[in-house]
There are 2 protein chains.
Amino acid sequence: MPRPKGKSELLTTVELEFMMVLWSIGSGTVREVLQGLGGEEKRAYTSVATVLKVLHDKGYLSAKKVNRAILYRPTLSKTEYEGKTLKSLSATLFNGTPTALVARLVDDEDLSEETIKEIKDIIDTRFGR
Amino acid sequence: MPRPKGKSELLTTVELEFMMVLWSIGSGTVREVLQGLGGEEKRAYTSVATVLKVLHDKGYLSAKKVNRAILYRPTLSKTEYEGKTLKSLSATLFNGTPTALVARLVDDEDLSEETIKEIKDIIDTRFGR
DNA sequence: ATTCAAAAATTAATAAAATAGTAGCTCAAA
DNA sequence: TTTGAGCTACTATTTTATTAATTTTTGAAT
């Protein structure tokens with residue numbers, strides 16, 4: 001398929017999975033990321049190496065040689081990526097209006113009283129009342 | 001076109017694009033959806049037919065024969081899909097906590113005063129104050 | 001009944017995402 | 001200085017997504 005170039009360039013499922021590990025450990029080599037993936041999926045070492053290389057090519061990771069290995073480090077924080085994702089989602093599904101997104105969120109999840117209060121507090125704290 | 005395997009997660013980019021049309025027009029045949037896509041992409045008739053068939057196989061569309069054509073209709077409302085998407089996003093990126101999602105949203109988008117008020121109102125309306 | 005156009009069904013081609021095998025480099029230890 | 005463990009680079013394969021051509025079916029008009 002023609003790759004969606006010029007678009008927001010979000011991560012694929014597997015890329016995101018790997019980035020989660022790196023966001024968690026700060027930086028890591030292929031082996032360390034492989035370790036961090038938690039025995040479930042049992043990928044081959046080279047599979048991990050390939051994806052990390054792709055992420056580096058895409059600019060999501062910086063690469064620094066440490067001894068023989070390459071140490072990868074995110075160039076984008078998880079927080080920044082979260083924002084990027086939300087903006088993209090807002091644009092595609094919610095007509096670019098965060099309001100609609102919030103409305104949907106509080107409707108669908110069955111939120112506890114605590115959660116509701118937390119959300120209220122966030123809004124109030126950010127923008128005063 | 002390889003049919004998707006059992007686990008029907010979220011919609012792909014193109015599938016979503018097509019569903020948007022159907023959510024907009026309520027229901028439609030292949031030709032009507034093709035029309036609704038707005039001259040931009042200029043897909044072939046059969047491309048549209050294939051994707052709609054896939055969406056039907058995935059259960060996102062019901063199909064009813066009308067004259068010679070098949071009339072497709074969403075089995076899931078856009079609203080419901082929005083909720084599904086948010087839940088998925090919340091799970092993968094925000095550790096399942098809507099709070100974190102809202103926090104990120106109000107931080108990243110630069111919201112107008114109006115928008116902020118709207119969001120506040122939504123929270124207050126839904127859960128009293 | 002025959003023809004024909006419009007539609008569905010089938011099949012195929014192309015592309016991207018995901019996984020991993022193979023080759024070859026490099027450095028430390030024997 | 002040879003060896004081999006550990007690594008990257010390169011290549012290959014498989015699966016999924018996207019697009020579309022080809023074939024078959026259908027039903028209405030002639």
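Chain identifiers are assigned alphabetically (A, B, ...) following the order of the sequence lines, protein sequences preceding nucleic acid strands; residue numbering begins at 1 within each chain.
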**Request:** Quick one: label A:A69 by what it contacts on the DNA or RNA (base, sugar-phosphate, nothing), any heavy atom closer than 4.0 Å.
**Result:** sugar-phosphate
**Message:** Around atom CG of B:N95, are there more than 12 heavy atoms from other residues, nucleotides or ligands closer than 6.0 Å?
**Reply:** no
**Request:** Write down the distance between CG (B:D57) and C1' (C:dA9), rounded to a whole number of angstrom.
**Result:** 12 Å
**Item:** Sugar-phosphate only, base, or nothing, as touched by A:V54 at under 4.0 Å among non-hydrogen atoms
**Value:** nothing
**Nucleotide of D:dT19, C:dA9, C:dT19 approaching B:I70 most closely (side-chain heavy atoms)** = C:dA9
**Asked** Taking the side chain of A:T13 as heavy atoms from C-beta outward, which of C:dA18, C:dT19, D:dT8 is closest to it?
**Response** C:dA18
**Request:** Check the pair A:K84, A:E9 against salt bridge (charged side-chain N to carboxylate O under 4.0 Å, His left out), reporting the backbone distance first and the verdict last.
**Result:** CA-CA 9 Å; A:K84 196 172 177 172; A:E9 279 293 323; over 6 Å; no
**Asked** Contact class for A:V48 vs. all strands (heavy atom < 4.0 Å): base, sugar-phosphate, or nothing?
**Response** nothing
**Message:** Assess the residue pair B:E17 and B:R43 against the criterion (salt bridge (charged side-chain N to carboxylate O under 4.0 Å, His left out)); give the C-alpha distance rounded to whole Å, side-chain angles, the decisive distance to 0.1 Å, and a yes or no.
**Reply:** CA-CA 12 Å; B:E17 186 188 353; B:R43 261 108 172 186; 2.9 Å; yes
**Shared hydrophobic cluster for A:V51 and A:V21 (ILVMFWY, side-chain gaps under 4.5 Å)** = yes
**Message:** If I take atom CG in residue A:L37 and atom P in nucleotide C:dA20, what distance separates them, rounded to the nearest angstrom?
**Reply:** 12 Å
Please tabulate the protein-to-nucleotide N/O contacts below 3.5 Å involving nucleotides 21-25 of chain D, giving atom names and distances.
unit_1 : atom_1 : unit_2 : atom_2 : d
D:dA21 : N7     : B:T46  : OG1    : 3.1

**Request:** Could you state the atom-to-atom distance from CG of B:L34 to C1' of C:dA8 in whole Å?
**Result:** 15 Å
**Message:** Using whole Å, what does the distance between atom P of nucleotide D:dT8 and atom NZ of A:K64 come to?
**Reply:** 15 Å
**Message:** Check this one for me: any side-chain N or O of A:R31 less than 4.0 Å away from OP1 or OP2 of D:dG6?
**Reply:** no
N/O contacts under 3.5 Å, protein versus nucleotides 27-29 of chain D?
none

**Asked** Do the side-chain N or O atoms of A:Y45 get closer than 4.0 angstrom to the phosphate oxygens (OP1, OP2) of C:dG21?
**Response** no
**Item:** Side chains of B:M19 and B:L55 in contact at under 4.5 Å (non-hydrogen atoms)
**Value:** yes
**Request:** Would you kindly confirm whether B:I116 and A:F94 end up in one hydrophobic cluster when ILVMFWY residues are joined by side chain heavy atoms under 4.5 Å apart?
**Result:** yes
**Request:** Apply side chain to side chain contact (heavy atoms under 4.5 Å, CB included) to the pair A:I119 and B:I123, showing each step before the final yes or no.
**Result:** CA-CA 8 Å; A:I119 292 177; B:I123 305 289; 3.5 Å; yes
**Request:** Decide yes or no on side chain to side chain contact (heavy atoms under 4.5 Å, CB included) for A:K120 and B:D124, but give the supporting numbers first.
**Result:** CA-CA 8 Å; A:K120 275 186 174 182; B:D124 292 343; 3.7 Å; yes
**Request:** Kindly assign one of parallel, tilted or perpendicular to the pair B:Y81 and B:W23, based on the angle between their ring planes and the thresholds 30° and 60°.
**Result:** tilted
**Item:** Nucleotide C:dA17, atom P - distance to CZ of A:R43 in whole Å
**Value:** 15 Å
**Request:** May I have the distance from B:H56 (atom NE2) to C:dA8 (atom C1'), rounded to whole angstrom?
**Result:** 13 Å
**Prompt:** What is the distance, rounded to the nearest whole Å, between atom CG of A:L52 and atom P of D:dA9?
**Reply:** 12 Å
